[in-house]
Amino acid sequence: MPSAVLAWTGALAGNHLSPAWTTGIVAFLLGSAVLLLVAGKRRAPARRTGRRSLGAALSLACLLGAAAAVQTLSVSTARSSLPVTGSGADGPALVNLLVTGEAKEVRAGAGRAKRWILAAELLELTSDGKLYRPATRILVVGGAGWQESRIGERIRAAGKLAQARPGQAEAAVFTAGTRPFPARGSLQNTAWPGGALPGTGPGAAPDWAAATRERYRVATARFGGDSAGLLPGMVIGDTEGMDEGLVAAMRDTGTTHLTAVSGANCSLILGLLIVLARSCRLRRPAAAVLALCGLGAFVWLVGPEPSVLRAAVMGAIGFLALSSGRAGRSLGFLCLAVAVLLVGEPSLAGSSGFLLSVLATLGIILLARPLMTRAPAWLPRPIAAALAVPLSAQLFCAPVIVGLQPQFTVFSLLANVVMAPFVAPVTVLGTLAVPVLAAHEGAATVLLGAAAVCAGAIAGTARFLAGLPGAVQPWPEGAWGMITMALCSAGNLALLWLLLHPARCARFAFTCHGLVVDKIAGFEAWLEHRRRLFRRRMRPPGTRGRLR
């Protein structure tokens, strides 16, 4: 726990403080780590191993926090060295880029031109006659032609370079003013004449993952309707084909996590691979290695973006928590994963998606299994699991969701419970269809057809519940809204306990009633005793027991 807390604190401090303050924090954490190690060696003899291990754990936590802060220092140094707009570089910039992310369409209002955003590595930059080679990550925003960019492709373009927001993973935002062209050679002897760049178009490098995703989109488009857009979204995270009405319906029912590569997808894939490996009589270590390799192939297919890597790590920890049944060990793995992810990618500290992933995984670790094991005997175990997992995640995430979007989705839990039986077939069958599609298209069509039926049921449920009156209710904004949502979540948990354990709650109520009756009777006896004493003291001499 200290490792996760200090790594998160160091990453946040480095993202929002000046380099001087960040350097001071790094020095303080490194000094604390050395002092803790020295103190642990001096004070802890052989019989006090607990104190020594505690000192080593706290020292490791300080080192991880310092590493996260150092990572942010490198990003801030790269930002300060770039000639962004407003720092004396007002002319156009010519860049050589290495595409590292798939182009995604930006949903804009009516009448606006289509724009695409993608992640890239800035290899070279020329601005005002100066050449820069920062080798840092940037976010590219482009118009027509940028949707054809492929991962691993080196391209050249011209445009404006702007400062990124504090805490953003990318060092800058590049707004392209031209189409992308193949990068041939260095920019050292290249001049920017102010006209169009020479070239015929982007030379797409061979990208098997992009080709597989495109083949998958074409295969799912045959089914039409909501299934054609929802199936790629639930399997590979591609939501471009989804109807805007369906997107709004899933947002109003709190099920948008199904259309992104989330920890639930990764948990289902891990579970499928482990079941297949164990059915082939593989031992547990071999089954674990096979499952991790399959999860790595899935991440490669979707695209190794930070959100996908985060979902893979959190999904693996959530699956470990549900399968092992040891909350303490799973909580330790979660804290270690949080610390490692923040050291490798400090910008995740300010990401709401990362915070929601951690809270959802924490809720599953702490609440899911207790809710499943303490469910009444008459409730089937699959239904108990379908209730426990989304409820535990929602209870922990609801205050943060309200802080981001001040509204309350009334049918969120109901929608997740109703959709739960259809989510696993869509994920499992849709993922199995990816390798089968490369071997035999007819067999893949059968798998995709079954998955499309389940995807249609999910879309129909979302549209039906979103169309009910009062599906979305306003909620207070800010800290007050988060506090009230936390209280509401606790009340919902207590109400669910009452509904699932009526007999036990009735016995508890009668026991409390008996205790209250006993206390009242004791208080009445004490009060009567005090009254008698008062009467004796107030009785005048010679009255023989009569009150004056």
Side-chain angles (χ1 to χ4, degrees), residues 14-16 18-19 22 71-106 108 112-199 201-202 305-306 345-347 350-351:
N15 286 329
H16 294 87
S18 63
T22 306
Q71 280 284 80
T72 58
L73 270 179
S74 62
V75 176
S76 61
T77 303
R79 288 183 179 180
S80 60
S81 63
L82 290 177
V84 296
T85 303
S87 61
D90 295 329
L94 184 63
V95 296
N96 272 355
L97 303 174
L98 175 64
V99 179
T100 59
E102 187 177 2
K104 298 180 180 179
E105 183 180 353
V106 180
R112 296 185 181 180
K114 290 185 178 181
R115 308 287 285 177
W116 282 267
I117 59 173
L118 54 92
E121 182 180 357
L122 181 58
L123 302 177
E124 291 181 326
L125 165 69
T126 58
S127 178
D128 297 335
K130 297 180 180 179
L131 177 66
Y132 302 87
R133 290 175 177 170
T136 186
R137 290 184 298 172
I138 63 172
L139 188 67
V140 181
V141 181
W146 285 92
Q147 72 275 17
E148 302 175 5
S149 302
R150 297 291 179 259
I151 298 177
E153 180 184 358
R154 294 175 179 265
I155 57 179
R156 180 174 298 177
K160 292 282 188 176
L161 202 66
Q163 187 73 40
R165 298 191 308 271
Q168 190 172 346
E170 295 79 13
V173 178
F174 177 72
T175 304
T178 62
R179 297 173 61 90
F181 297 97
R184 299 186 179 93
S186 174
L187 292 175
Q188 187 169 4
N189 299 321
T190 303
W192 170 246
L197 289 173
E305 299 180 0
E345 188 62 49
S347 62
S351 171

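Keep in mind it's a predicted model, so treat the numbers as computed, not measured.
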Once rounded to the nearest 0.5 Å, what's the spacing between atom OG1 of Thr175 and atom CD1 of Ile117? 11.5 Å
Looking at Leu118, Leu123, Ile138, which hits side chain to side chain contact (heavy atoms under 4.5 Å, CB included) with Leu97? Ile138
Distance (rounded to the nearest 0.5 Å) between Ile155 CD1 and Trp146 CH2: 4.0 Å
Which pair of non-hydrogen atoms, one from Leu94 and one from Ala158, has the smallest distance, and what is that distance? CD1-CB, 4.3 Å
With rounding to the nearest 0.5 Å, note down the distance linking CZ in Arg156 to CG in Asn96. 4.5 Å
Side chains of Phe174 and Val141: closer than 4.5 Å at any heavy-atom pair? no
If the condition is side chain to side chain contact (heavy atoms under 4.5 Å, CB included), which residues does Ala119 pass it with, not counting sequence neighbours? Thr100
Heavy-atom closest contact (Gly142 atom, Ala176 atom, distance): CA-CB, 4.2 Å
Quick one: does Val173's side chain get under 4.5 Å of Leu161's, heavy atoms only? no
